[in-house]
Amino acid sequence: MNKKITLYGYWRSSAAYRVRIGLNLKQLSYESKSVHLVRNGGEQHDPQYRDLNASALVPVLVDGDVQLNQSLTILQYLDESYLCESSPDSLLIPEQTPLRYQALAMAQDIAMEIHPLNNLRVLQYLERELSCEQEVKMGWLHHWMSQGFHALEEKLAKHRKVYGESVYSLTDSPCIVDICLVPQVYNALRFDVDMSPYPLINSIVAACNQLPAFIDAMPENQADANV
Ligand SMILES: N[C@@H](CCC(=O)N[C@@H](CS)C(=O)NCC(=O)O)C(=O)O
């Protein structure tokens with residue numbers, strides 16, 4: 001039985017999207033609190049929110065006296081604190097070595113190499129401080145996302161050569177890599193990044209998006225979507 005979990009996030013935040021998928025895979029109920037990242041200059045900068053996370057970024061998860069930012073740490077916390085009721089063996093971060101470390105490294109490839117370069121505040125800086133035109137800004141975003149996806153497609157193919165085919169990124173059950181990949185691809189499609197060079201990534205994302213845990217976490221299925 002979980003204490004009351006609250007997730008501070010935003011429908012389009014890919015980092016909050018990761019946590020929503022993790023909570024759903026763990027079958028944990030939670031209350032969503034929306035932090036509008038754009039309205040009035042962005043509610044993430046409000047003093048009340050900065051009390052929760054001085055970095056002014058979502059997500060933040062509150063679970064009793066535990067208050068955490070950083071989506072990957074939140075996912076690890078959920079994995080180590082809660083068993084999924086209907087499937088106690090299913091973990092967000094695989095247990096066996098070397099799979100565990102491969103999963104963590106690949107999740108970081110997405111969350112720490114691809115995602116930060118196209119975050120809202122980076123794009124705003126390009127536009128407001130460096131006076132980049134929309135075309136230049138989009139060129140930046142496409143360049144870094146494509147470079148990241150190219151590397152990931154190669155790594156996923158190499159993994160299959162060594163360990164055999166799998167439905168999801170690394171095995172036949174979704175893990176932290178899939179949890180990071182799906183929101184990143186959502187982001188890419190939102191900004192018209194050409195995903196055709198990545199058939200493996202596309203098939204993994206299509207498989208994930210059949211699962212209720214992923215469907216319920218989709219941006220368009222959140223109460224604050226388009227508000
Ligand atoms: N490394 C952080 C990244 C958090 C992050 O960048 N959040 C974005 C939304 S995806 C945000 O709050 N952006 C607000 C802004 O850039 O002002 C995590 O994984 O939680």
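Start at 1 and go down the list; that is how both ligands and their atoms are numbered.
- Here the two rings, on His142 and Phe191, have centers that are 6.0 Å apart or farther.
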Check: every ligand 1 N/O to protein N/O pair under 3.5 Å:
from, atom 1, to, atom 2, distance (Å)
ligand 1, 1 (N), Gln70, OE1, 2.7
ligand 1, 6 (O), Asn119, ND2, 2.7
ligand 1, 7 (N), Val58, O, 2.8
ligand 1, 12 (O), Val58, N, 2.8
ligand 1, 13 (N), Asn119, OD1, 3.3
ligand 1, 16 (O), Arg121, N, 2.8
ligand 1, 17 (O), Gln44, NE2, 2.8
ligand 1, 19 (O), Arg18, NH1, 3.1
ligand 1, 19 (O), Gln70, OE1, 3.4
ligand 1, 19 (O), Ser71, N, 3.3
ligand 1, 19 (O), Ser71, OG, 2.7
ligand 1, 20 (O), Ser71, N, 2.9

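- The heavy-atom pair separating Ser34 from Asp224 by the smallest distance is OG-OD2, 2.6 Å.
- Salt bridge annotation for Glu154-Lys158: absent, with no cationic side-chain nitrogen under 4.0 angstrom from a carboxylate oxygen.
- Donor-acceptor pairing under 3.5 Å is recorded for the side chains of Asn187 and Ser14.
- Classification of the Tyr49-Tyr8 ring pair by plane angle, with boundaries at 30° and 60°, yields tilted.
- Using cut-offs of 30° and 60° on the angle between ring planes, the pair Tyr198 and His150 is perpendicular.
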